[in-house]
Amino acid sequence: MNEQILNATAKAMVAPGRGILAADESTGTIKKRFDKIGVENTEANRQAYRDMLFTTPGFEQHTSGVILFEETLFQKSLAGVPFPELLASKGVIPGIKVDKGAQPLAGGGLEETITEGLDGLRERLQKYKAAGARFAKWRAVITINEEAPSDYAIHVNAHALARYAALCQEADIVPIVEPEILMDGDNSIEVCEEVTDIVLDAVFAELSAQQVLLEGIVLKPNMVVPGIKCPEQASVQEVAEATLRVLKRRVPIAVPGIAFLSGGQSDELATAHLDSMNKIGGFTWGLTFSYGRALQAAALKAWGGSNVEAGKAAHLHRAKMNGLAALGQWDKSLEKAA
Ligand code: 5MM
């Protein structure tokens, strides 16, 4: 493990005003996205869509890295350049999703899951590194309902995240540690705050127990929000304050950065929340985005399978807005002006 390389990569991933594009949809997930715009889920269409995103002029000013799905890591752009090479030539760090998805937790019974993909990971990491990946991502999924999350689900997922992180660091690949608490229930913001607190506590305990170098990770958490079905929604300020309260309690200052997932928030809310937290300040980590849907939804719709220029314009706009939010310099009026 080369501590300097890991720390330098992690810092670059959360550099001021830049964040991460999560374009690592597995084949099943991208099908759901393509279905909405009536585009067939073929390898050629996936290549064309990702080509549109990665050749957007200027997106690199706001984008430090891109998380790729395995297929994309080994795919070429429409101009014949391997995607990781294309990204690296723009100063964008290529990353790779290495988990194999969330599966039902044996004996769980509460609709809980455990993320799989540890078997053979050491070997796969070498292959990904040779293809140009400098960081990786593993997503653990935590559900909130009347009985969940159970201690069982929290601990096995935290354990797996730490095992993954240790293997990445052994290969000098920065692990993005993503414990996602889903926001699709009817729970209050207070419940989300409590669960986020417990989960982050468990995750950092496991990272420490498994000797993961905190200076060489990026945390990708959910924001503290009420469930989407909760009748009482929260203001931008309330979300920002609750999220920072938990993070300040649970994330050691040795961690170079935190890059949020958007989790189903609207594009503009995800930007507003990030901006609000950066305006509040009072922390040492880089605080940025690692959005999937909140960065891509507008671009996907504008592209619609063929309108490359419209797709690029929509992508650049969201990348720019989130880059400003990562500096605490975003303003709603910028959305209207665009
Ligand atoms: C882009 O979506 C990612 C991959 O999903 P699947 O493995 O289910 O295909 C997902 O992990 C994503 O990176 C994060 O959840 C953040 O994306 P959002 O849309 O929540 O910002």
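If you're wondering where the values come from, they're calculated on a predicted model, not measured in any experiment. Computation of the quantities below employed the complete heavy-atom set of this structure, encompassing side-chain atoms and omitting hydrogens, waters and symmetry-equivalent molecules. Residue numbers start at 1 and run along the sequence shown.
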Heavy-atom side-chain contact between [X] and [Y] under 4.5 Å:
X: V218; Y: F135; answer: no
X: V195; Y: P149; answer: yes
X: V92; Y: S64; answer: no
X: N222; Y: T196; answer: yes
X: L73; Y: E70; answer: no
X: I67; Y: I20; answer: yes
X: E238; Y: H273; answer: no
X: Y128; Y: F74; answer: yes

What closest approach, in Å, do [X] and [Y] show between heavy atoms, and which atom pair accounts for it?
X: A302; Y: A310; answer: CB-O, 3.5 Å
X: Q237; Y: S276; answer: OE1-OG, 3.8 Å
X: E112; Y: A148; answer: OE2-CB, 3.5 Å
X: S188; Y: C230; answer: CA-SG, 4.0 Å
X: S77; Y: L86; answer: CB-CD2, 4.3 Å
X: A294; Y: N322; answer: O-ND2, 4.5 Å

Could you check whether any side-chain N or O of [X] sits under 3.5 Å from a backbone N or O of [Y], counting only pairs where one atom can act as donor and the other as acceptor?
X: Y164; Y: I176; result: yes
X: T113; Y: A102; result: no
X: N45; Y: E40; result: yes
X: D275; Y: Q329; result: yes
X: K129; Y: R134; result: no
X: T9; Y: I5; result: yes
X: N7; Y: E215; result: yes

With side-chain hydrogen bond (donor to acceptor under 3.5 Å, both in side chains) as the rule and sequence neighbours excluded, what pairs involving residues 82-102 come up?
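Listed once each, the pairs are D24-K97.
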Mind checking the [atom1]-[atom2] spacing from [X] to [Y]? Nearest 0.5 Å is all I need.
X: L247; Y: L200; atom1: CG; atom2: CG; answer: 6.5 Å
X: D51; Y: T72; atom1: CG; atom2: OG1; answer: 11.5 Å
X: L118; Y: L167; atom1: CG; atom2: CG; answer: 7.0 Å
X: I142; Y: E180; atom1: CD1; atom2: CD; answer: 10.0 Å
X: S290; Y: K220; atom1: OG; atom2: NZ; answer: 3.0 Å
X: I154; Y: N157; atom1: CD1; atom2: CG; answer: 9.0 Å

When clusters are formed by joining ILVMFWY residues with side-chain heavy atoms under 4.5 Å apart, either directly or through shared neighbours, do [X] and [Y] land in the same one?
X: W138; Y: V255; result: yes
X: V236; Y: L261; result: no
X: L316; Y: L324; result: no
X: L327; Y: F283; result: no
X: L78; Y: F34; result: no

Check this for me: [X], atom [atom1], are more than 12 non-hydrogen atoms of other residues, nucleotides or ligands nearer than 6.0 Å?
X: R33; atom1: CZ; value: yes
X: R249; atom1: CZ; value: yes
X: K76; atom1: NZ; value: no
X: K312; atom1: NZ; value: yes
X: E111; atom1: CD; value: no
X: Q103; atom1: CD; value: yes
X: K36; atom1: NZ; value: no

Does any donor atom in the side chain of [X] or [Y] lie under 3.5 Å from an acceptor atom in the other side chain?
X: E206; Y: H155; result: no
X: Q169; Y: E3; result: no
X: Q47; Y: E43; result: no
X: R46; Y: T27; result: no

Would L87 and L68 satisfy side-chain contact (heavy atoms from CB on, under 4.5 Å), going step by step from the backbone distance to the final call?
CA-CA 11 Å; L87 292 169; L68 304 169; 4.2 Å; yes
Applying side-chain contact (heavy atoms from CB on, under 4.5 Å), run through T63 and R18 and close with a yes or a no.
CA-CA 5 Å; T63 310; R18 297 172 90 200; 5.8 Å; no
For E25, which of K137, R50, K31 qualifies under salt bridge (Lys or Arg N to Asp or Glu O under 4.0 Å)?
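For E25, the salt bridge (Lys or Arg N to Asp or Glu O under 4.0 Å) test succeeds with only one of K137, R50, K31, which is R50.
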Please report whether the ring centroid of F260 lies less than 6.0 Å from that of Y291.
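No: the rings miss the under 6.0 Å criterion.
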Test ring pair (Phe, Tyr, Trp, His ring centres under 6.0 Å) applied to F59 - qualifying residues, sequence neighbours left out
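With neighbours one apart ignored, the set is H315.
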Could you please spell out the steps behind the side-chain contact (heavy atoms from CB on, under 4.5 Å) verdict for L214 and L207?
CA-CA 8 Å; L214 294 184; L207 292 174; 4.2 Å; yes
Before giving the answer on salt bridge (Lys or Arg N to Asp or Glu O under 4.0 Å), spell out for R250 and D197 the whole-Å C-alpha distance, their side-chain angles and the decisive distance to 0.1 Å.
CA-CA 7 Å; R250 294 299 173 201; D197 187 78; 3.1 Å; yes
As a quick check of understanding, evaluate side-chain contact (heavy atoms from CB on, under 4.5 Å) for V199 and V203, giving each step before the final call.
CA-CA 6 Å; V199 169; V203 168; 4.2 Å; yes
CA sep, side-chain torsions, deciding dist, call: R318, E268, salt bridge (Lys or Arg N to Asp or Glu O under 4.0 Å)
CA-CA 9 Å; R318 281 271 46 91; E268 210 175 301; 5.6 Å; no
By the definition side chain to side chain contact (heavy atoms under 4.5 Å, CB included), identify the one residue from L287, V224, I258, L274 that meets it with T243.
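The residue from L287, V224, I258, L274 that satisfies side chain to side chain contact (heavy atoms under 4.5 Å, CB included) with T243 turns out to be V224.
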